Amino acid sequence: GAVVSQHPSWVICKSGTSVKIECRSLDFQATTMFWYRQFPKQSLMLMATSNEGSKATYEQGVEKDKFLINHASLTLSTLTVTSAHPEDSSFYICSSRSRGPAFYGYTFGSGTRLTVV
Amino acid sequence: QQQVKQSPQSLIVQKGGISIINCAYENTAFDYFPWYQQFPGKGPALLIAIRPDVSEKKEGRFTISFNKSAKQFSLHIMDSQPGDSATYFCAASMYSGNTPLVFGKGTRLSVIA
């Protein structure tokens, strides 16, 4: 089946610094990557959609200058949280859609727990 | 506007019992309805999914029932086990597009012995 590898699984950073989260599709081409944020005991909220080779589309209320998304290749998409603050502490999850003769669906990364201190 | 409404918010079931979680959607363009299971600190994992051409789909202990006219679908977990204790999310999307999943708010299931 399709696999999306997400790293790091957890990160602690100081307020004001930047953090990069990577998602790699291991056995399929991820033309589109969806980035979600999940606060404790809440559902997944879509932050942005990125397409390989083009600018990401951000959901209303998501600051594009704070959450930089790069999708330069068919197998790698990154989310950089710039000038992180404690309120950015959350669980970030990437997802891509995989299609093939034997499978279909959305594949999720294992998530990144970001804690800003 | 909440496009996928999920209930209950939490559920406690005895071991061996049936867990039932319900979802309702608003967008008639949705035609792909998956259920995900999530453990703390982990990403969601696909349990089972259904499309509107069938009213029911069963995989092991998990069954989806789908009612197109009512725009509702539900997850039944038969013979619930303590290991099933997790948060369950229903979701919906358009099968043929490249659009993201829209998630329900989740149900925290606790299966007690």
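Numbered from 1 within each chain, the chains take letters A, B, ... in sequence-line order. All figures in this text were calculated on a predicted structure; none of them were measured in a lab.
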Might you work through the side chain to side chain contact (heavy atoms under 4.5 Å, CB included) test for L101(B) and Y36(A), ending with a clear yes or no?
-> CA-CA 10 Å; L101(B) 286 167; Y36(A) 293 86; 3.8 Å; yes

With sequence neighbours excluded, tell me which residues meet side-chain hydrogen bond (donor to acceptor under 3.5 Å, both in side chains) with W35(A).
-> S77(A)

Just wondering, do Q38(B) and F108(A) contact through their side chains at under 4.5 Å, heavy atoms?
-> no

Okay, L46(A) and chain B: the region with an atom under 4.5 Å from a heavy atom over there is side chain

How far apart are the C-alpha atoms of I93(A) and K42(B), what are their side-chain angles, what is the distance that settles it, and do they pass the side chain to side chain contact (heavy atoms under 4.5 Å, CB included) test?
-> CA-CA 9 Å; I93(A) 310 171; K42(B) 303 294 184 183; over 6 Å; no

Check whether any side-chain heavy atom of L46(B) sits under 4.5 Å from a side-chain heavy atom of Y106(A), and report yes or no.
-> no

Verify same cluster id: I64(B), V102(B) (apolar side-chain graph, 4.5 Å) | yes

Got a sec: does the CZ of R108(B) have more than 12 other heavy atoms crowding it under 6.0 Å?
-> no

Going only through I, L, V, M, F, W and Y residues with side-chain contacts under 4.5 Å, is there a path from M94(B) to Y25(B)?
-> yes

So, the part of Q9(B) with a heavy atom under 4.5 Å from chain A: the answer is neither

Look at P34(B), P44(B), G106(B) and state which one has the largest set of heavy-atom pairs under 4.5 Å with chain A.
-> P44(B)

For the atom pair CE (M45(A)) and NZ (K105(B)), what is the distance rounded to the nearest 0.5 Å?
-> 8.5 Å

Do the side chains of L75(B) and V13(B) join up, straight or via other hydrophobic residues, at under 4.5 Å, putting them in one cluster?
-> yes

Is atom CD1 of I12(B) surrounded by more than 12 heavy atoms (other residues, nucleotides or ligands) closer than 6.0 Å?
-> no

Taking atom NZ of K64(A) as the centre, does the number of heavy atoms from other residues, nucleotides or ligands within less than 6.0 Å exceed 12?
-> no

Can you see which heavy atom on S43(A) is nearest to which on F103(B), and at what distance?
-> OG-CB, 3.4 Å

With no hydrogens and no angle check, is any side-chain donor or acceptor of S110(A) less than 3.5 Å from a backbone partner on G43(B)?
-> no

Should W35(B) and I77(B) be regarded as members of a common hydrophobic cluster, given that ILVMFWY residues are connected when their side-chain heavy atoms come within less than 4.5 Å of each other, either directly or indirectly?
-> yes

For the candidates Q38(A), Q42(A), Q6(A), which exhibits the highest count of non-hydrogen atom pairs separated by less than 4.5 Å from chain B?
-> Q38(A)

